[in-house]
Amino acid sequence: MAEYLIIVENLVSRYGEKIVHKGLNLKIKKGELYAIVGESGSGKTTLLRELLLLRPIDGGRIIFNGKDITKLSPGELEELKKRIGVMFQFGTMFSSLSVGENLVYVIRKRYKIDKHTAVEMAKIKLTLVGLKPHVFYMYPHELSGGMRKKASLAMAIATDPDVVFLDEPTSGLDPISAEEFDKLVRTLVDSTGMTIVQITHDLASLLFTDRVAVLSEGKVVYEGEPKGMVNTQNPWLRKLVSTLRFRRLILGK
Amino acid sequence: MEKYVKLVDRTLLLTGEWTVEHFNEIRKELENFKNFSFEYVDASRIEKLDFYGAYLIDRYLSRYSIHNLPEKYKKLIELVKTSPQVHPPKRNFIDNLIDAIYRKILDFYEFFVFTGLVFYESVRHIRSLELRNLVKELDEAGPKAIGIITVLTFLIGVVIAYQSSAQLAAFGANIFIVDLVSISITRELSPLIVGIVMAGRSASSYTAEVGLMKVSEEIDLMRTLGISPYASIVLPKLLSSVLLFPFLITYGDVIGIAGGMLVSQFTLGISPEQFLRRLGEVLYPDHFWAGVIKGPIFGGTIALIGTYEGFKVEKKAESIGFSVTRSVVKAIFSIIFLDALFSVLYRWLNI
């Protein structure tokens, strides 16, 4: 049990009559780069919101570090949330604060860290994600899409959380920036041992991931190494595997 | 006792979880060992290390070589070494002042450019004007504003009559209450009240509406599609305000005078018949028109300021809030300023 950071068991979620997840199962290991892919509308974002505790679940269990999150006390939940980082799809940051202030704010809100250290750490994290130092004093709306995503990633990892969720990190980036971003995420996982879970439509990102979960019709139809996706019977997955993109990128044919 | 740093035989032993949760405790312990002498730092017993732990090792123990640090953590020490020195752009008071004045002037200039563009593009793209939009705007600025205008102008009429009746009674000049109430309401108060109410109601909603469209890139979409945002968004608002204001002011005149009439009967015993007869004698059409003519000017100004501020909204969370506040303040200021200008003009023209 201990090697898994997050276990989702028989997860059910509904929007009114519409059932999004019909008993979804997945297991995310500690210190791995995990990807979630699936059709548009297959409930990836809903799953993310549930993992982030932004939306209550309608059935099943989510186990985080060995604890069922629906049974945690408010104090324990608060502690748990401190250990989670997130980057939303468009690199959301507080628009009234500069990039540096955003990072310092997150660090100082979560832990009792003195201002000097928080500023130093914010600069370290910005350098780590490949941004130039002067970005510290810029405002989110002054950044380009790619820079904004990087800054948002820096904010997500500002307090060295156990797990970071990325929602479509490479969407809207040019191929070079996207690959840089993928490599950066890989390096982060390798050098810090943090777990990163990314929702993605970018098949090229899968080249860098350890394991992948494929969502289709409310269930996980595949979980394992990206290359193993070839040997499945699921119709949607068979279609995916037969796409030119998949064959070229993942199988190298 | 120390939990994270121990001194054993001139060897500094680092133990436990060196993570952000324990940052302050670890630092305190490191401070205690600052003046000790030791030759060897052993990190083999570190259970967990993150950036914050690595930062402390780098800042406090960089003079020593760290032994037995697990291979996977060596990269972290490397990564925290680079803390670039950048300083915020500094500005002095004079620079800020000049900047502020410059921006005010620029803002004023831009407003006139905007007004010019609105008229120019409205003429060129007059076909972009949809009747549906105009009707919606007329409904928004007209019937829905009647309630508050009724209450305010009625109360102003009551207050004027009430305050002056005591003074007039002292001179036995009771009947002059009619002159006082009717002329002050038609010439000044009704236009002013309507202007201020609509500056609060319309200017704010125009700014918020246009601002949101700007932020969600709807304005850019319109421009790309060849639709003039000035003709299709600003023009209906401008037209509806210009058209409705004279009617709102006339309505305000009637309600305000009615308020005065009611009070005159109770305080001075002037019957409605007497009041109306006197009203016919003293309220020349000139007085009425002097008030009503302000309507289109006030309405146009409010619509232009409201939409102009909307177009200036930026992609920041607080930007719409700031712009709405600014647009209401500017609109109310402009209404009162224009009203003063009218007074001077009327005096000069002997109206």
Side-chain angles (χ1 to χ4, degrees), chain A residues 30-31 79 82-83 85 90 92-101 103 106-108 110-114 116-143 148 154 157-162 187-194, chain B residues 17-28 30-31 46-60 62 69-91 211 214-217 312-323:
Chain A
K30 269 181 193 161
E79 281 304 306
K82 277 189 185 176
R83 310 300 310 161
F90 301 104
T92 311
M93 307 180 87
F94 299 114
S95 58
S96 53
L97 302 176
S98 73
V99 172
E101 286 166 349
L103 268 79
V106 174
I107 294 169
R108 309 235 310 154
R110 284 188 164 179
Y111 298 104
K112 279 184 186 150
I113 302 284
D114 61 293
H116 175 76
T117 309
V119 168
E120 288 268 285
M121 199 51 79
K123 286 176 181 170
I124 289 170
K125 293 293 159 81
L126 286 173
T127 317
L128 183 66
V129 298
L131 288 171
K132 295 205 171 66
H134 67 89
V135 173
F136 190 90
Y137 298 105
M138 287 170 81
Y139 281 82
H141 67 102
E142 297 172 326
L143 304 178
R148 205 182 159 113
I157 61 169
T159 56
D160 290 326
D162 291 334
T187 317
L188 277 177
V189 171
D190 292 340
S191 61
T192 65
M194 65 173 66
Chain B
E17 296 194 340
W18 281 52
T19 55
V20 58
E21 283 102 334
H22 312 120
F23 184 83
N24 290 324
E25 300 151 59
I26 298 171
R27 185 158 65 177
K28 215 168 146 198
L30 280 170
E31 288 283 346
I46 284 189
E47 288 157 31
K48 201 176 166 194
L49 185 75
D50 67 6
F51 277 88
Y52 291 80
Y55 175 83
L56 286 174
I57 290 179
D58 183 61
R59 296 299 186 271
Y60 282 89
S62 58
L69 185 72
E71 202 57 42
K72 57 178 175 177
Y73 293 142
K74 282 192 176 150
K75 187 106 194 264
L76 276 181
I77 307 276
E78 288 302 310
L79 289 171
V80 292
K81 278 199 195 314
T82 51
S83 171
Q85 290 305 311
V86 272
H87 300 287
K90 278 212 174 77
R91 302 191 59 85
K214 171 92 185 292
V215 170
S216 58
E217 294 178 337
K312 282 188 67 180
V313 167
E314 290 166 40
K315 278 193 178 177
K316 282 199 256 177
E318 76 266 17
S319 188
I320 289 192
F322 278 146
S323 292

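In what follows, chains are A, B, ... by sequence order, proteins preceding strands, each numbered from 1.
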Trainee: Side chains of A:D114 and B:R27, heavy atoms from C-beta outward: is any pair under 4.5 Å?
Mentor: yes
Trainee: What is the distance from atom OG1 of A:T117 to atom CG of B:L56, rounded to the nearest 0.5 Å?
Mentor: 7.5 Å
Trainee: Count the heavy-atom pairs under 4.5 Å between each of A:K125, A:R110, A:K82, A:K112 and chain B, then report the option with the highest count.
Mentor: A:K125
Trainee: Look up atom CG in B:L79 and atom CG in A:L188, then write down how far apart they are to the nearest 0.5 Å.
Mentor: 8.5 Å
Trainee: Begin with the C-alpha distance, continue with both residues' side-chain angles, and end with the deciding distance and a verdict on side chain to side chain contact (heavy atoms under 4.5 Å, CB included) for A:L128 and B:F51.
Mentor: CA-CA 11 Å; A:L128 183 66; B:F51 277 88; 3.3 Å; yes
Trainee: Which bit of B:K48 comes within less than 4.5 Å of chain A, counting heavy atoms only: side chain, backbone, both or neither?
Mentor: side chain
Trainee: Can you tell which part of B:E314 gets under 4.5 Å to a heavy atom of chain A, answering side chain, backbone, both or neither?
Mentor: side chain
Trainee: Measure the spacing between OH of B:Y52 and CD1 of A:I113 and express it to the nearest 0.5 Å.
Mentor: 6.0 Å
Trainee: Distance from B:D50 atom CG to A:T159 atom OG1, nearest 0.5 Å?
Mentor: 9.0 Å
Trainee: Most heavy-atom pairs under 4.5 angstrom with chain B, which of A:Y139, A:Y111, A:F94?
Mentor: A:Y111
Trainee: Taking atom CG of A:D160 and atom OH of B:Y55, what is their separation to the nearest 0.5 Å?
Mentor: 13.5 Å
Trainee: Test side chain to side chain contact (heavy atoms under 4.5 Å, CB included) on A:E79 and B:E21 and set out the steps.
Mentor: CA-CA 11 Å; A:E79 281 304 306; B:E21 283 102 334; 5.6 Å; no
Trainee: Calculate, to the nearest 0.5 Å, the distance between atoms CG and CD1 belonging to B:D58 and A:I124 respectively.
Mentor: 7.5 Å
